[in-house]
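What follows is a single structure, written as structure tokens, with notes after it.
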Amino acid sequence: MRVRFAPSPTGYLHVGSARTFLFNWLYARHNHGAMVLRLDDTDVERNTEASVQSIFEGLRWLGLDWDEEYRQSERLDLHRKAAEAIFARGLAYRDFTPARAGEDNQSGAQGAWLSNPGMRDLPREESDRRAAAGEPFALRFRVPRGEGRILRFVDAVYGAQSRPADEVEDFALLRSDGNPTYHLASCCDDADLRISHIIRGQDHLTNTFKHLLIFEALGAAAPQFAHLPLLVAPDGAKLSKRKHGPVVSVTTYRDAGFLPQAFVNFLCLLGWSPKNDRDFLALDEIRALFTLEGIHRANAVVNFTEEDPFDAKAVWLNAEHIRALPVEELSRRLEPFFAQAGFHAAPEKIAAVAPLIRERIRLLGEAAAAADFFFVSELAPYDAAELIPLKKGESAGDPALARRVLETAHKVLAETPFEHDALDKALREAAAALGLKAGPMFQPIRVAVCGRKNAPPLFETLMVLGRATCLERIAQAIERLDASPA
RNA sequence: GGCGCUAUCGUCUAGGGGUUAGGACGUGAGAUUCUCAAUCUUAAAACCCGGGUUCGAUUCCCGGUAGCGCUACCA
């Protein structure tokens with residue numbers, strides 16, 4: 001059992017490509033087969049080495065591996081020889097018609113594949129003579145006509161497919177520069193590399209009939225086919241960089257702080273179902289559960305908007321995976337995101353912070369904003385009014401009360417051991433002594449210490465911050481209160 | 001235009017001749033907690049349309065419609 005992923009390196013790794021790789025990988029690993037990575041770089045004009053690197057980078061980030069690696073550009077001899085053999089067998093012919101760049105024949109032209117009349121039936125002597133004279137030509141496959149031949153294959157996802165050969169155009173095998181086309185190169189390599197299952201996007205479903213013809217001309221058995229429903233944008237169009245921007249690049253997800261396992265989890269659910277009502281899945285589980293039968297046939301929409309570039313389910317899955325991570329690993333994942341925000345802290349510090357924010361972030365990229373007060377030496381300015389607890393329905397609180405709370409807190413924190421239970425007990429007792437519930441007691445402290453109302457649980461936060469910082473910030477909060485009007 | 005593929009809540013999907021059409025995300029409401037988050041409960045939310053087959057179709061068949069794909073010397 002051998003499968004392959006064959007991207008053309010013309011840009012970064014696309015989420016659709018990533019999913020195709022994933023499905024191939026899952027199939028290979030589930031069935032103990034080989035995963036082949038082949039770079040289909042026959043389009044010299046558009047291929048770049050940078051793209052090759054970004055594909056590798058993306059796949060490595062996903063945590064998916066492969067067993068063999070090839071580049072089509074290094075296999076051109078094979079393709080040309082195959083083309084010659086096909087030509088020698090009379091299964092292809094030279095087409096001397098100049099290439100028509102950008103021209104389309106969607107506008108009602110009947111039998112567009114016959115639009116180079118004469119070429120198919122050009123006498124061999126004339127063809128040879130013109131070729132010898134150096135006239136450029138494309139090599140076209142001579143699709144059987146008028147024989148009533150029906151091309152058939154059974155797709156593992158879409159079922160039995162058939163098409164009369166008469167409806168297949170005489171597609172090109174070789175360009176006029178002598179380079180193989182995708183169809184030729186791809187089939188040659190699939191045959192040569194003994195690929196047993198081709199799992200690829202549904203946009204190739206109709207192309208498969210051409211490929212059947214090529215495999216036959218090559219004298220090779222056709223592999224099994226499984227076509228995958230396409231990933232589309234909310235507007236229904238196939239995801240594309242030009243139309244949809246960076247949201248189609250896996251690096252965008254990575255840089256925003258998706259965990260690879262979460263992203264893989266999200267991707268696998270697009271067009272495939274474990275059929276067990278579960279959504280949160282680890283890679284091992286997915287691999288164990290994966291079958292081609294679980295793939296369904298309709299295109300899947302990846303939801304995103306201008307304001308919200310990530311599918312809500314992807315974000316939720318990421319939050320779930322973040323919570324499932326051991327603290328040490330989460331800390332390790334968080335470190336670069338903190339560093340990027342200018343927070344360079346010791347691993348122990350990050351490990352102490354991580355548990356406090358893990359339930360409050362959905363993307364690793366949100367961590368810095370959620371935990372800034374743990375790292376900065378000086379709190380960003382905040383409104384003193386935040387320090388003043390409000391009763392329900394009240395529009396203005398009592399600054400004097402806030403002041404009393406903070407002064408009490410300062411005293412309590414100066415003499416209480418910075419341990420969870422001790423802080424809990426001491427602060428609650430202080431609240432009771434002031435005739436306050438926990439809420440109005442804790443809020444001023446929280447704001448004083450974090451610079452904002454919404455933050456992790458108070459005692460844990462105080463402990464991570466440490467006594468000195470807490471006392472200093474509470475003192476500053478009191479000053480702030482005094483300085484503020486009203 | 002031709003050919004092909006597809007069609008279940010907003011989205012990802014399960015299901016399948018008789019079901020209260022299931023789950024998840026998201027959304028609303030409530031509970032809970034020192035805030036936020038998390039968690040729990042709960043609500044609203046779908047079988048594209050028309051024919052046929054059938055005692056009975058969302059499910060099977062046909063047609064329509066819509067979306068997508070292919071129709072390149074792109075892959």
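Just so it is clear, the values below take in all heavy atoms, side chains as well, and ignore hydrogens, waters and symmetry mates. Letters A, B, ... mirror the listed sequences (proteins, then strands); counts begin at 1. Everything numeric here is computed off the predicted structure, so don't read it as measured data.
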Requested in this report: Would you mind classifying the nucleic acid contact of A:Glu320 as base, sugar-phosphate or nothing, using non-hydrogen atoms under 4.0 angstrom?
Outcome: sugar-phosphate
Query raised in the report: Would A:His227 and A:Val157 count as a side-chain contact (heavy atoms from CB on, under 4.5 Å) if you check the C-alpha gap in whole Å, the side-chain angles of each, and the deciding distance to 0.1 Å?
Result: CA-CA 6 Å; A:His227 287 90; A:Val157 174; 5.5 Å; no
**Report entry** Of the listed nucleotides B:A38, B:C5, B:C34, the one nearest the side chain of A:Arg428
**Finding:** B:C34
Query - Candidate nucleotides B:C73, B:A14, B:C12, ranked by approach to the side chain of A:Arg140 - the nearest - result: B:C73
Query raised in the report: Between A:Arg446 and B:C36, does any side-chain N or O lie under 4.0 Å from OP1 or OP2?
Result: no
Query raised in the report: CG of A:Asp177 versus P of B:C73: gap in Å, rounded?
Result: 13 Å
**Report entry** A:Arg297 side-chain proximity, nearest of B:U11, B:C70, B:U6
**Finding:** B:U6
Query raised in the report: So which nucleotide from B:G4, B:C3, B:G26 ends up closest to the side chain of A:Ala312?
Result: B:G26
Query raised in the report: Name the one of A:Tyr158, A:Tyr182, A:Phe225, A:Phe209 that satisfies ring-ring contact (aromatic ring centres under 6.0 Å, His included) with A:His204?
Result: A:Tyr182
Report task. If B:C73 has a Watson-Crick or G-U wobble mate with both distances under 3.5 Å, name it; if not, just say none. Result -> none
Query raised in the report: Taking the side chain from A:Arg145 and the backbone from A:Asp166, do they hold a donor-acceptor pair closer than 3.5 Å?
Result: yes
Report task. Decide if the gap between the ring center of A:Phe263 and the ring center of A:Phe310 is smaller than 6.0 angstrom. Result -> no
Query raised in the report: Base, sugar-phosphate, or nothing for A:Lys453, non-hydrogen atoms under 4.0 angstrom?
Result: base
**Report entry** Stepwise ring-ring contact (aromatic ring centres under 6.0 Å, His included) test for A:Phe459 and A:Phe418
**Finding:** CA-CA 8 Å; A:Phe459 314 127; A:Phe418 265 50; over 10 Å; no
Requested in this report: May I ask you to say what A:Gly201 touches in the nucleic acid, namely base, sugar-phosphate or nothing, with a heavy-atom cut-off under 4.0 Å?
Outcome: nothing
Query raised in the report: With a non-hydrogen cut-off below 4.0 angstrom, is A:Ser176 in contact with a base, only sugar-phosphate, or nothing?
Result: base
Query raised in the report: Nearest to the side chain of A:Phe459 - B:C34, B:U71, B:G26?
Result: B:C34
**Report entry** B:G30 - base-pair partner by Watson-Crick or wobble geometry, distances under 3.5 Å
**Finding:** B:C40
Query raised in the report: Among the nucleotides B:G26, B:C12, B:C5, which one has an atom lying closest to any side-chain atom of A:Leu270?
Result: B:C12
Requested in this report: Please work out if A:Ala455 contacts a base, only the sugar-phosphate, or nothing of the nucleic acid, heavy-atom cut-off 4.0 Å.
Outcome: base
Query raised in the report: Heavy atoms under 4.0 Å, any strand shown: does A:Pro457 hit a base, just sugar-phosphate, or nothing?
Result: base
Requested in this report: Give me the ring orientation class for A:His183 and A:Phe171: parallel if the planes are under 30° apart, tilted from 30 to 60°, perpendicular past 60°.
Outcome: perpendicular
Query - Closest to side chain of A:Gln161, choosing from B:G4, B:C3, B:G15 - result: B:G4
Report task. Take atom OH of A:Tyr158 and atom C1' of B:C68, then tell me their distance rounded to the nearest Å. Result -> 10 Å
Query raised in the report: Which part of the nucleic acid, if any, lies within contact of A:Leu230, taking any heavy atom under 4.0 Å across all strands shown: a base, the sugar-phosphate backbone alone, or nothing?
Result: sugar-phosphate
Query raised in the report: Contact class for A:Pro7 (heavy atom, under 4.0 Å): base, sugar-phosphate, or nothing?
Result: nothing
Report task. Please confirm whether any donor atom in the side chain of A:Thr206 sits under 3.5 Å from an acceptor in the base of B:C70, or the reverse. Result -> no
**Report entry** Complementary nucleotide of B:U11, counting Watson-Crick and G-U pairs under 3.5 Å
**Finding:** B:A24
**Report entry** Qualifying salt bridge (Lys or Arg N to Asp or Glu O under 4.0 Å) pairs with a residue from residues 303-317 of chain A, counting only residues at least two apart or across chains
**Finding:** A:Asp279-A:Lys313
Report task. Return the value, rounded to whole Å, for the distance between atom CZ of A:Phe141 and atom C1' of B:C73. Result -> 17 Å
Requested in this report: Provide, to the nearest angstrom, the distance between the CG atom belonging to A:Leu317 and the P atom belonging to B:U11.
Outcome: 18 Å
Report task. Would you mind classifying the nucleic acid contact of A:Asn207 as base, sugar-phosphate or nothing, using non-hydrogen atoms under 4.0 angstrom? Result -> base
Query raised in the report: Rounded to the Å, how far apart are A:Asn265 CG and B:C25 C1'?
Result: 12 Å
Query raised in the report: Is the distance from OP1 or OP2 of B:C68 to the nearest side-chain N or O of A:Lys238 less than 4.0 Å?
Result: no
Query raised in the report: Is the NZ or CZ atom of A:Arg94 positioned over A:Phe137's six-membered ring, under 6.0 angstrom from the centre and within 45° of the axis?
Result: yes
Requested in this report: Please determine if a side-chain N or O atom of A:His204 lies less than 4.0 Å away from the OP1 or OP2 oxygen of B:G69.
Outcome: no
Query raised in the report: What is the base-pairing partner of B:U54, counting Watson-Crick and G-U wobble geometry with both distances under 3.5 Å?
Result: none
Between protein and nucleotides 20-23 of chain B, what N or O pairs are separated by less than 3.5 Å?
from, atom 1, to, atom 2, distance (Å)
B:G22, N2, A:Asp277, OD1, 3.3
B:G23, O4', A:Asp277, OD2, 3.4
B:G23, O2', A:Asp277, O, 3.3

Requested in this report: Count the heavy atoms of every other residue, nucleotide or ligand shown that sit under 6.0 Å from CZ of A:Arg362, and state whether that count exceeds 12.
Outcome: no
Query - Nucleotide of B:C68, B:C70, B:U35 approaching A:Arg360 most closely (side-chain heavy atoms) - result: B:U35
Query - Ion pair A:Asp40/A:Arg71, N-O distance below 4.0 Å - result: no
Query raised in the report: Within the structure shown, what part of the strands sits under 4.0 Å from A:His227 by heavy-atom distance: base, sugar-phosphate, or nothing?
Result: nothing
Report task. Could you please name the option among B:U71, B:C34, B:C12 that lies closest to any side-chain atom of A:Val301? Result -> B:C12
Report summary line: Out of B:C73, B:C5, B:A24, minimum distance to the side chain of A:Trp316 belongs to B:A24
